[in-house]
Number of protein chains: 2
Amino acid sequence: MNEHRKEVDTSPEAKAYKAKKYRTPDGVPADIVMFTLTKKERKTVTKTLPIRELKVMLIRRKSWPCAGMWALPGGFCRESESIYDAAKRELKEETGVDGGHLEYLGVYSTPGRDPRGWIISHAFFALVEEWMLESRQAADDAGEVGLFGIEEALNDLELAFDHRDIIRDAYMRIQKQMLHSTIARQFLPEQFTLSELYQVIQTVVPEFSEPNFIRKITSTRSRQGILEEVRDENGKPLSSNQYSQRPAQLYRFTDYAPLLSIYT
Amino acid sequence: MNEHRKEVDTSPEAKAYKAKKYRTPDGVPADIVMFTLTKKERKTVTKTLPIRELKVMLIRRKSWPCAGMWALPGGFCRESESIYDAAKRELKEETGVDGGHLEYLGVYSTPGRDPRGWIISHAFFALVEEWMLESRQAADDAGEVGLFGIEEALNDLELAFDHRDIIRDAYMRIQKQMLHSTIARQFLPEQFTLSELYQVIQTVVPEFSEPNFIRKITSTRSRQGILEEVRDENGKPLSSNQYSQRPAQLYRFTDYAPLLSIYT
DNA sequence: TGAATAGTGTCTCTGAGACAGTATTAT
DNA sequence: ATAATACTGTCTCAGAGACACTATTCA
């Protein structure tokens, strides 16, 4: 509804409407906080879950302003596209891939945030797979593209503009989303074990702690519905022993999204 | 942290930086969906809760474009202020009051959404009290300012630009917030009865239905903490019989905000 | 066999959910 | 007394939370 496509308005009022002589913004970029969950095999005797880490992709700025600092990938929005389209385009340019979760984060417009002028930035965050970032890393000089642990990025890096604020906000948002929605699926294969799911949640939200996680997720009626057991054609439960001695039941997310309320 | 105040950058790079000749936006307004909950006494024999309704304030546009249509109040952002500041200023101009809950909703940037040019609108929603809107209504001609029920606004009104989309999004957002946070307090006096709270929630989220609401809110350990009983100096529970024969215990919100999770 | 991870049995306590019953007040 | 709203008693069943126990596999 309300599809406002670009049309030329030829009414007399439109012609009479004088372009305002007000100061207008100098640019409206979309910046993207690209999260990925790295997986690193642990060298142990027995099978075990890989080490996972939440990482952010940053680019070292080459030119003024903030030359040499780390910055979020981004680019200016064009008149012919929406801000979301600009972010999608940017994400594709960075990864070469269309996929991945892309979500609007917010607007950053503090006066003076960009020395180039009146630049109003729109932040997004994306959840991508690690391999999607490799082409970008290969295309550039080493040292120009970096994958940083979220805490390292927030605490140890010199970041351009107000990108530290943006990354902090994105981190808080992804943590909230991790517990309120099923975006964990973005960091998991289609089929996964409950240990993997638990590990993914804990990697993004370190405070998350649920002894009896398996028991709860499988037994609670209210939670029933967000996950379902994977079965083969004959209805036999499928399991995987990729990460453990004893095979573990595989699950997948359903389309069901529960409603949360502080009052019930 | 990262306070980017406006400063003049006098570095050689800044001087060398040519203003881009790219097309830049023609304006960046902040539009506000102002919600209020009207209260109307019911004419019954006995005391009873008033009728509450969720309303949206709209303004009839006087000039091109969309002259004669209903539109959200709003105004263009200036270079010296953030978008949020612009919204706050706008809210104050409309209500004459500083108070009220003001929250960012999102950006609306579909190409062609505004015939005046490349106009990127930032939507906010505000929760104000009914009396705050009266000065605005008095200042204008009758018929230029309107308070509409949310469903009426969405279904029966001819709305300017993409304001129907914005109002719909704001409605969904306020419903979510009503269940996820304690913004219900914005629509209630500092002390209120549980029936009032229940009515407020139901007014904003008609689907919300909790038989045993009182029982749950007062007995559940996990919910304990968002509300507390009001007591006088001597520790005696305070109650009100404003809306009922039998006096009802008064409650107030605490500062506690519970964490929600689909997994626990 | 023992180690490592997955999952179950079981017990206790709390809360949900339903609904009848009691309490307090106005008329 | 009656009506209207605000609770409370009580019963049943489900889930939380803890922790010992069993299951499956690998070395």
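In what follows, every heavy atom counts, from backbone to side chain, and hydrogens, waters and symmetry copies are set aside. Letters A, B, ... are given to chains in the order of the sequence lines, protein chains preceding strands, and every chain is numbered from 1.
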Output all residues satisfying salt bridge (charged side-chain N to carboxylate O under 4.0 Å, His left out) with Glu229(A), sequence neighbours left out; order by chain, then residue number. Arg231(A)

Please identify each residue that fulfils side-chain contact (heavy atoms from CB on, under 4.5 Å) with Lys88(A), with sequence neighbours left out. Tyr84(A), Asp85(A), Leu102(A)

Distance, rounded to the nearest Å, where Leu197(A) contributes CG and dA6(C) contributes P: 13 Å

Round to a whole Å and report the spacing from CD of Glu210(B) to P of dG15(C). 16 Å

Can you check each nucleotide of nucleotides 3-12 of chain D against protein heavy atoms at under 4.0 Å and return B for base, S for sugar-phosphate only, - for none, in 5' to 3' order? -BBBSBBB--

Output every pair passing salt bridge (charged side-chain N to carboxylate O under 4.0 Å, His left out) with a member in residues 177-191 of chain A, not counting sequence neighbours, ordered by first then second residue. Glu190(A)-Arg252(A)

Less than 3.5 Å apart, which donor and acceptor atoms pair up between the side chains of residues 237-247 of chain A and the rest of the protein, not counting sequence neighbours?
from: Ser240(A); atom 1: OG; to: Gln242(A); atom 2: N; distance (Å): 3.1
from: Ser244(A); atom 1: OG; to: Arg246(A); atom 2: O; distance (Å): 2.6

How many Å lie between CD on Glu196(A) and P on dG7(C), as a whole number? 11 Å

Whole-Å gap separating P (dT5(C)) and CD (Gln242(A)): 15 Å

So does Lys40(B) pair up with Glu53(B), basic N to acidic O under 4.0 Å? no

Figure out the NZ/C1' separation between Lys216(A) and dA14(D), and round it to whole Å. 14 Å

Starting at CZ of Phe213(A) and ending at P of dC19(D), how long is that distance when rounded to a whole Å? 20 Å

For Glu129(A), what residues pass the salt bridge (charged side-chain N to carboxylate O under 4.0 Å, His left out) criterion, not counting sequence neighbours? none

